[in-house]
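Heads up: the structure comes next, in structure tokens.
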Amino acid sequence: MSPNTDKISSPGRVKEVSSPANPIVKDIRALFQKKHRDQQRAFIAEGLKLIVDALDQGWTIRTFVHAKTAGDTVSQTAARTVASGGDVLIVPEKILGAITRRDNPQMAIGVFGQRFQSLDEIRLTTGNVWVALDRVRDPGNLGTIIRTADAVGASGIILIGDCTDPFSPETVRATMGSIFSVPVVRCSEAEFTAWTVRASVRLVGTHLEGAVDYRTPEYGDRPMVLLMGNEQQGLTDELAGACETLVRIPQAGRADSLNLAVSCGVMLYEIRRDKLTLAGENPT
């Protein structure tokens, strides 16, 4: 089959593709670059489990690409894709490797549309905890934080300023599928600070100069935002000044700081423990 005849011209079709030069394959490969993800407002998820989880949570798949050797779950996922108007590409393993740039690729990948919420779409209720990240730059950190927020039951992630892309392949891999269950908001610093005042949320930030041990405050049931700073520079002065409480995580060794994702996990589980204790529940 020549590359020119492989291109899918209408939605909901199944096609075998044998050439890495196929235009659809090239478009999918381009999603490893941020400018193409932004243009297409799309991203790649690798692995059948992630794809099935996304479909089960109501995400619409644009393209499902899988190896020729297919089991029942692959066939069912392909049928779900076609039924929802998406395209299915059946390819040799070498094309999956070419798309993902990995020697041992997953046997299935999915292309999904990006989802972002706005600050005004956030619905604050008693006990809400959101995580706000100021200029987080490392995709592994961001993915791990999204996964941790999911595990602890946090309500979502707010990305402030120039943050790494939550839909980059590295971030999506690190979320282990939590990208499909944790809402993500993008905003500027000015938009964020104005929203916290408007929404009357409690803003708790972590800071090396925080005077309060993170285990000391009662975090209570008031809707809260946990604010974490950039990996190297921490919070801006403006964001630190906007916080109702600045806390620190004490350290006993010689390291001058904790990894951002680790710090966020420590904070989220302490906040969860405190809220469950105040509610009279067993925090374990």
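Its side chain within the 4.5 Å cluster rule, F192 clusters with L119, I122, L124, W130, I158, I160, V185, W195, V201, L203, V225, L227, L235, L239, L246 among the Ile, Leu, Val, Met, Phe, Trp and Tyr residues.
The minimum heavy-atom distance linking A240 with H207 is given by the pair CB-CD2, 3.9 Å. Closest heavy-atom contact between Q114 and A42: NE2-O, 3.1 Å. Of all heavy-atom pairs between I24 and L89, the closest is CG2-CD1, 3.8 Å. Across L260 and G229, no two heavy atoms sit closer than the pair CD1-O, 3.5 Å.
At a threshold of 4.5 Å between side-chain heavy atoms, the hydrophobic network of Ile, Leu, Val, Met, Phe, Trp and Tyr places I146 and M176 in two separate groups.
Counting only heavy atoms from C-beta outward, the side chains of N141 and E231 approach each other to under 4.5 Å. At a threshold of 4.5 Å between non-hydrogen side-chain atoms, the residues P166 and I157 do not count as touching. Within the 4.5 Å cutoff, the side chain of R137 has no heavy atoms near those of the C163 side chain. You'll find the side chain of R80 reaches within 4.5 Å of the side chain of D56, heavy atoms only. Proximity of M107 to H66: side-chain heavy atoms (C-beta onward) are nowhere separated by under 4.5 Å.
Within 6.0 Å of CG on L208 lie no more than 12 heavy atoms contributed by other residues, nucleotides or ligands. Under a cut-off of 6.0 angstrom, the local environment of CG in N104 is sparse, with at most 12 non-hydrogen atoms contributed by other residues, nucleotides or ligands. No more than 12 heavy atoms of other residues, nucleotides or ligands shown are found within 6.0 angstrom of CD on E93.
Under the 3.5 Å distance criterion, the side-chain polar atoms of Q57 are left unmatched by any main-chain donor or acceptor of A54. Formation of a donor-acceptor pair under 3.5 Å by the R29 side chain with backbone atoms of A98 is found in this model. A donor-acceptor pair under 3.5 Å is absent between the side-chain atoms of R102 and the main chain of I99, judged by distance alone.
No close placement of the Y219 and Y214 rings is indicated, their centers lying 6.0 Å or farther apart. Between F180 and F112, the ring centre distance stays below 6.0 Å.
A cation-pi contact, defined as under 6.0 Å to the ring centre and within 45° of the axis, is absent between R37 and F43.
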Q233 vs R135, side chain to side chain contact (heavy atoms under 4.5 Å, CB included): CA-CA, chis, key distance, verdict:
CA-CA 9 Å; Q233 300 170 337; R135 297 163 298 134; 2.7 Å; yes

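Side chains of N128 and T125: a donor-acceptor N/O pair is present below 3.5 angstrom, by distance only. With hydrogens and angles left out, the side-chain atoms of D150 and S181 include a donor and acceptor closer than 3.5 Å. Remark: the S168 side chain and the T171 side chain contain an N/O donor-acceptor pair separated by less than 3.5 Å.
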